[in-house]
Amino acid sequence: MDKIVNLSVEVAGVPFKNPLIAASGTFGFGEEYNELYDVGCLGGISSKGLTLHPKDGNDGIRVWETASGMMNSVGLQNPGVEAFVESGIAGMRRFGNVLIANMGGHSMEDYTTGASLLSDADIDMLELNISCPNVKSGGMAFGIKAEVAREVVSEVRKVCRKPLIVKLSPNAENIVEMALACEAAGADALSLVNTFQAMAIDLHKRKPVFNNVYAGLSGAAIKPIALRMVHSVCKQVHIPVIGIGGIYTAEDVLEFVMAGAAAVQIGTVNFNNPLAGRDILDALVELCQREGIADINEVRGIC
Amino acid sequence: MDKIVNLSVEVAGVPFKNPLIAASGTFGFGEEYNELYDVGCLGGISSKGLTLHPKDGNDGIRVWETASGMMNSVGLQNPGVEAFVESGIAGMRRFGNVLIANMGGHSMEDYTTGASLLSDADIDMLELNISCPNVKSGGMAFGIKAEVAREVVSEVRKVCRKPLIVKLSPNAENIVEMALACEAAGADALSLVNTFQAMAIDLHKRKPVFNNVYAGLSGAAIKPIALRMVHSVCKQVHIPVIGIGGIYTAEDVLEFVMAGAAAVQIGTVNFNNPLAGRDILDALVELCQREGIADINEVRGIC
Amino acid sequence: MKYIESKILANQRITDDIFVLKVAYKEDDVNAGQFFMLKSWDSELTLMRPISVFKAEEDALWFMYRTVGQGTRKMAELKRGGRIRLLGPCGNGYPCGEIKGRVAVVGGGVGIPPLCHTSKLLHEQGTTVDAYLGYRDEPFALEDFEPWCTDIFVSTEHGEEGYRGFVTDLLHPEQYDVVITCGPEVMMRKVAAMCAEKDVTCYCSLEHRMACGIGACLGCSIRTKNGMKRVCKDGPVFQSTDLMW
Amino acid sequence: MKYIESKILANQRITDDIFVLKVAYKEDDVNAGQFFMLKSWDSELTLMRPISVFKAEEDALWFMYRTVGQGTRKMAELKRGGRIRLLGPCGNGYPCGEIKGRVAVVGGGVGIPPLCHTSKLLHEQGTTVDAYLGYRDEPFALEDFEPWCTDIFVSTEHGEEGYRGFVTDLLHPEQYDVVITCGPEVMMRKVAAMCAEKDVTCYCSLEHRMACGIGACLGCSIRTKNGMKRVCKDGPVFQSTDLMW
Ligand SMILES: Cc1cc2nc3c(=O)[nH]c(=O)nc-3n(C[C@H](O)[C@H](O)[C@H](O)COP(=O)(O)OP(=O)(O)OC[C@H]3O[C@@H](n4cnc5c(N)ncnc54)[C@H](O)[C@@H]3O)c2cc1C
Ligand SMILES: Cc1cc2nc3c(=O)[nH]c(=O)nc-3n(C[C@H](O)[C@H](O)[C@H](O)COP(=O)(O)OP(=O)(O)OC[C@H]3O[C@@H](n4cnc5c(N)ncnc54)[C@H](O)[C@@H]3O)c2cc1C
Ligand SMILES: Cc1cc2nc3c(=O)[nH]c(=O)nc-3n(C[C@H](O)[C@H](O)[C@H](O)COP(=O)(O)O)c2cc1C
Ligand SMILES: Cc1cc2nc3c(=O)[nH]c(=O)nc-3n(C[C@H](O)[C@H](O)[C@H](O)COP(=O)(O)O)c2cc1C
Ligand code: FES
Ligand code: FES
């Protein structure tokens with residue numbers, strides 16, 4: 001008989017039935033993938049990145065395939081916090097798993113107003129994206145220098161009445177300093193990494209592929225760097241860390257957990273395999289059985 | 001009739017018959033690959049990374065495959081500057097292309113003594129590696145903070161009587177500031193990027209693959225990030241930049257040139273295709289013909 | 001919409017760079033203009049590739065594709081008996097049910113294949129369809145249109161077959177109640193402009209790079225007169241008057 | 001040493017996870033214990049894979065490999081008539097010419113195949129060879145050793161065939177002038193220790209992860225009593241007394 005494996009984890013006091021979370025921006029509000037499988041089987045879903053006001057996002061090409069990865073320049077297209085609260089949350093709620101609202105911003109006011117509105121809403125956690133590299137002004141800046149991040153996290157902390165995850169950019173000057181600054185500023189958890197600032201050129205047109213010139217790289221290509229960043233952050237902070245970056249398989253999940261992650265998010269892999277969430281979850285149970293892991297929490301941080 | 005394409009370029013006053021340079025550490029001193037094809041067809045060769053004193057390098061696993069890339073933790077195994085001067089240079093000279101001595105170091109003295117010795121030797125250029133992430137102490141530190149790099153480059157500049165290329169690490173806190181600091185300190189050219197600090201875990205052994213825990217990521221996976229870094233550095237400095245990072249094809253070469261690179265280095269691709277140098281060169285001529293580029297210098301920096 | 005693995009019944013080259021792929025498929029109906037996300041690899045390539053339905057039979061689906069890059073070249077290597085993964089049917093498709101009267105389908109290049117399935121569905125509901133098919137050089141799929149179309153007009157760029165020049169030169173929108181077009185953007189713009197001039201309803205099927213193909217990632221969003229729309233979910237078919245070309 | 005593309009003459013599964021690959025090869029001689037870097041992909045995988053020569057004929061080379069990961073699984077998909085790229089012959093190999101008298105070859109798992117080619121070359125130069133072959137469960141390649149070996153001793157872990165236990169239990173190094181071993185490190189260490197005790201010359205063929213395979217990258221360096229050595233170029237064969245296990 002197959003041994004029972006405990007996959008349930010806790011992040012900042014919030015219980016997850018398993019450590020798999022759909023990554024922001026790759027899963028919409030869950031609705032589309034729910035047509036393919038019951039997305040309620042996931043530990044949680046992080047919503048498409050919200051901003052205080054609705055945004056149209058970027059013009060031109062928005063996605064581009066690269067070696068074992070992809071670049072995107074969606075530019076935070078979203079209906080705005082208010083519309084999300086009014087009509088988005090209800091849909092996500094019905095999946096029965098942890099509901100994380102991911103929010104980006106262009107100014108301190110956007111961040112605090114948005115966080116305050118979301119704190120009154122029926123969400124389980126707020127994930128503060130201080131890292132989206134796609135918006136020309138703002139966005140990026142918050143996630144590069146630790147002092148700047150500390151400020152925005154402190155301000156958001158004051159108004160935020162939900163467990164607060166801060167999502168870090170791998171473009172940060174020093175990821176460990178950044179993590180420590182966010183922890184000191186009151187983050188309940190960290191998630192990392194967001195996409196790497198990267199570039200693609202269309203040889204024939206002799207110009208950059210993206211209107212914004214640079215765009216964010218994600219997918220398997222970045223996994224080794226993401227794993228290193230998660231590992232080095234986990235060694236230094238005392239709050240839970242959600243590992244993100246090129247997680248495609250159950251093996252990847254376990255590696256991130258061994259590096260110290262409390263949970264993980266899966267993004268790009270959803271495009272490669274629209275059933276990835278369910279498939280990785282099934283594979284994770286089998287993998288733990290094969291590796292003699294009765295409780296995934298046993299192996300956290302052993303590397 | 002096929003149109004003639006000019007591929008010759010100049011870097012810091014040194015003429016290269018074409019922009020393809022074998023990257024340090026992936027090509028030894030040229031000898032082994034020369035058994036497979038005439039490596040003299042390349043624009044130049046950057047030697048295995050030298051240190052003042054001989055080094056055994058790291059124990060344990062040294063190379064590991066990742067999605068569209070690989071990690072290495074060779075740890076600068078090399079015969080030392082003196083042995084290179086005495087018995088390495090002659091072999092490289094016979095190829096008839098640009099001879100670049102790549103040198104790393106653990107302390108300011110190592111760097112300056114090494115640079116001074118190499119300045120008396122029959123090399124064409126010195127490539128200062130301030131970025132190797134594999135050596136536990138030193139090495140890394142020089143390439144992270146711009147102020148530290150400025151210091152070491154200034155000191156080396158004083159004793160270096162060869163054109164000086166400074167090789168930058170993508171792990172630098174701010175690649176553009178780093179580039180500007182090195183330029184200000186007297187670098188004649190820059191080369192970027194070295195490998196990205198990354199991590200691999202052996203799931204079954206439940207421990208890191210590499211004895212040093214972290215190791216350097218290279219290959220196609222990193223190309224989009226490397227291209228972005230080269231582009232952003234080229235926009236700011238006034239010295240030539242040699243583009244490196246996941247260059248596998250003639251298309252990649254041209255993209256880096258369009259991003260502003262004066263020349264490029266090919267590393268990991270040599271392992272994927274041991275004739276890569278020759279094959280990419282042949283393909284580059286054809287590609288330029290197809291794209292109507294009579295002189296590769298025409299398209300430099302047009303993106 | 002489903003994500004399934006399916007058996008390859010045939011995969012044949014029909015011109016220099018055009019292939020026809022036939023796969024086993026026993027699912028629900030496929031609307032005119034819908035497409036599937038295909039992949040015949042694991043994670044060597046990150047994204048699936050959108051390909052329109054060329055023909056739909058009771059037990060099989062047909063796709064027709066041009067090899068242009070890595071993904072389509074990998075697809076070209078597939079052999080009968082092999083397997084491929086399909087996500088779909090995706091997108092809204094043409095509102096055939098609402099279309100009355102005479103219809104012209106105007107296609108260019110690999111915009112032609114989806115018009116075949118569309119012509120069939122229109123024909124089956126009793127609509128009269130004429131096809132205007134523009135090729136670079138060698139025509140393909142002509143015989144597949146024949147059963148469903150009253151007239152077929154062909155053009156090639158250098159006059160290898162049919163009219164020499166652009167297929168839009170042959171079109172007189174005023175002869176139709178609805179014009180449906182799929183192909184290169186320049187062609188569709190021209191068709192749309194011609195239709196606008198004569199006040200004829202025109203539907204365009206857009207192409208855009210896609211990641212998810214199902215509306216979740218906003219990687220394929222375009223600006224329309226009704227706000228941002230996802231080509232994969234709200235499209236790929238749009239009424240030309242909604243577009244902001 | 002050359003880098004060539006070659007035709008696949010056969011690729012067959014012989015046990016659950018062991019395959020034999022035969023490729024056309026008309027180049028120079030291959031020494032005992034040499035290997036090739038193989039690849040049957042473009043850049044989907046970054047590195048080529050080192051595989052030893054199992055048998056060398058006038059017009060063909062044979063490899064025998066176990067599917068353990070991505071690369072070997074891709075190789076397992078190869079079909080007769082397909083193509084594969086080979087870099088080699090790589091490494092130093094066993095110094096057969098210097099070997100006199102009675103020889104034991106001691107192999108375990110996929111360390112066994114290279115000993116077949118070695119046995120043949122030794123046999124051809126008039127050396128008497130006994131083979132000690134240790135398998136996990138199902139033996140393979142036994143019939144390939146028969147022509148070249150006087151005695152063949154077989155072990156399996158659970159006694160499916162031959163002796164139940166480790167093949168080293170069967171070996172008496174003092175009966176030989178030279179012992180040659182290839183297989184899991186624990187086995188080779190044991191063999192080396194047994195030989196050291198009886199003062200018998202022992203050669204070991206090491207495995208190490210490789211990138212270039214030709215001595216350029218120092219990715220496969222190991223510490224020996226004579227300094228750092230590249231397994232791919234200075235090895236893979238080392239005299240056991242040089243090793244620092
Ligand atoms: C709704 C829709 C229906 C389509 N139907 C067909 C069809 O029936 N037959 C056919 O031959 N082609 C069709 N295409 C175009 C087809 O999707 C591309 O030619 C194909 O994705 C190219 O992939 P590649 O890997 O060969 O090329 P690459 O250039 O290597 O592709 C790299 C990336 O670009 C994307 N891409 C490249 N070209 C296009 C393009 N023109 N449109 C969208 N994405 C692109 C790919 O999906 C991939 O993500 C359709 C496109 C869309 C959006
Ligand atoms: C000199 C030499 C000769 C060999 N001869 C044979 C042989 O005749 N038959 C055979 O079945 N195997 C042989 N091996 C082992 C074989 O190279 C590995 O099993 C194979 O590379 C695994 O590749 P993979 O992609 O299937 O596995 P993966 O685990 O996916 O490989 C990932 C990476 O690890 C490397 N790797 C994995 N395992 C090993 C290993 N044990 N040794 C070295 N590198 C490894 C691969 O080259 C690749 O870079 C030999 C190894 C060496 C060094
Ligand atoms: C198309 C796309 C859109 C994304 N949008 C957002 C977003 O709105 N907010 C955010 O925090 N991260 C966003 N991300 C980043 C992902 O959530 C994730 O951090 C990143 O893709 C790395 O994980 P992966 O390699 O598994 O994709 C987006 C990623 C992609 C590919
Ligand atoms: C095995 C290996 C060894 C390397 N050794 C050195 C070195 O000694 N000195 C150095 O400056 N860079 C070294 N590098 C970095 C490469 O020169 C190059 O900067 C990097 O690999 C990125 O290019 P690529 O993606 O084309 O490989 C090494 C890279 C590899 C893969
Ligand atoms: S491709 Fe993802 S929304 Fe259209
Ligand atoms: S694998 Fe490169 S030196 Fe041995």
Less than 4.0 Å between a side-chain N and a carboxylate O, is that true for Arg136(C) and Asp16(C)? no
Among Met1(C), Arg85(C), Arg223(C), who wins on heavy-atom pairs under 4.5 Å with chain A? Arg223(C)
Any ion pair linking Arg49(C) and Glu65(A) (charged N to carboxylate O, less than 4.0 Å)? yes
Rounded to the nearest 0.5 Å, what separates atom OG1 in Thr72(C) from atom CZ in Phe63(C)? 14.5 Å
Side chain to side chain, Ile100(A) and Asp124(A), heavy atoms closer than 4.5 Å: no
Just so I understand: if I count every heavy-atom pair under 4.5 Å between each of Ile214(C), Leu45(C), Ile222(C) and chain A, which residue has the most? Ile214(C)
Which residue out of Cys212(C), Gly213(C), Cys220(C) racks up the most heavy-atom pairs below 4.5 Å with chain A? Cys212(C)
Side-chain atoms of residues 86-97 of chain C: list all donor-acceptor pairs with protein atoms under 3.5 Å, sequence neighbours left out, distances to 0.1 Å.
from, atom 1, to, atom 2, distance (Å)
Asn92(C), OD1, Val237(C), N, 3.2
Asn92(C), ND2, Asp234(C), O, 2.7
Asn92(C), ND2, Val237(C), O, 3.0

Count the heavy-atom pairs under 4.5 Å between each of Gly69(C), Gly219(C), Gly227(C), Gly71(C) and chain A, then report the option with the highest count. Gly219(C)
Which distance, rounded to the nearest 0.5 Å, do you find between the CD1 of Ile18(C) and the OG1 of Thr67(C)? 7.5 Å
Taking the six-membered ring for Trp, are Phe29(A) and Phe84(A) closer than 6.0 Å centroid to centroid? yes
If we define contacts as heavy-atom pairs under 4.5 Å, which of Thr268(A), Asn78(A), Asn273(A) has the most with chain C? Asn273(A)
So which of Cys217(C), Gly215(C), Ala211(C) has the largest heavy-atom pair count under 4.5 angstrom toward chain A? Ala211(C)
Of the backbone (N, CA, C, O) and the side chain (C-beta and beyond), which part of Asn270(A) lies under 4.5 Å from a heavy atom of chain C, both, or neither? neither
Of the backbone (N, CA, C, O) and the side chain (C-beta and beyond), which part of Tyr248(A) lies under 4.5 Å from a heavy atom of chain C, both, or neither? side chain
Spatial distance of atom CD (Gln265(A)) from atom CG (Asn102(A)) [nearest 0.5 Å]: 8.0 Å
Chain C contact via Tyr33(A) - side chain, backbone, both or neither, heavy atoms under 4.5 Å: both
Measure Lys2(C) against the heavy atoms of chain A and call it side chain, backbone, both or neither at under 4.5 Å. backbone
Heavy-atom donor-acceptor pair, Asn212(A) side chain to Tyr214(A) backbone, under 3.5 Å: no
Is the shortest side-chain heavy-atom distance between Lys7(C) and Arg80(C) below 4.5 Å? no
Gap between atom CD1 of Ile84(C) and atom CD1 of Ile51(C) - 0.5 Å precision: 9.0 Å
Chain A contacts: which residues in residues 238-245 of chain C have a non-hydrogen atom closer than 4.5 Å to it? none
Heavy-atom distance under 4.5 Å to chain A: side chain of Met210(C), backbone, both or neither? backbone
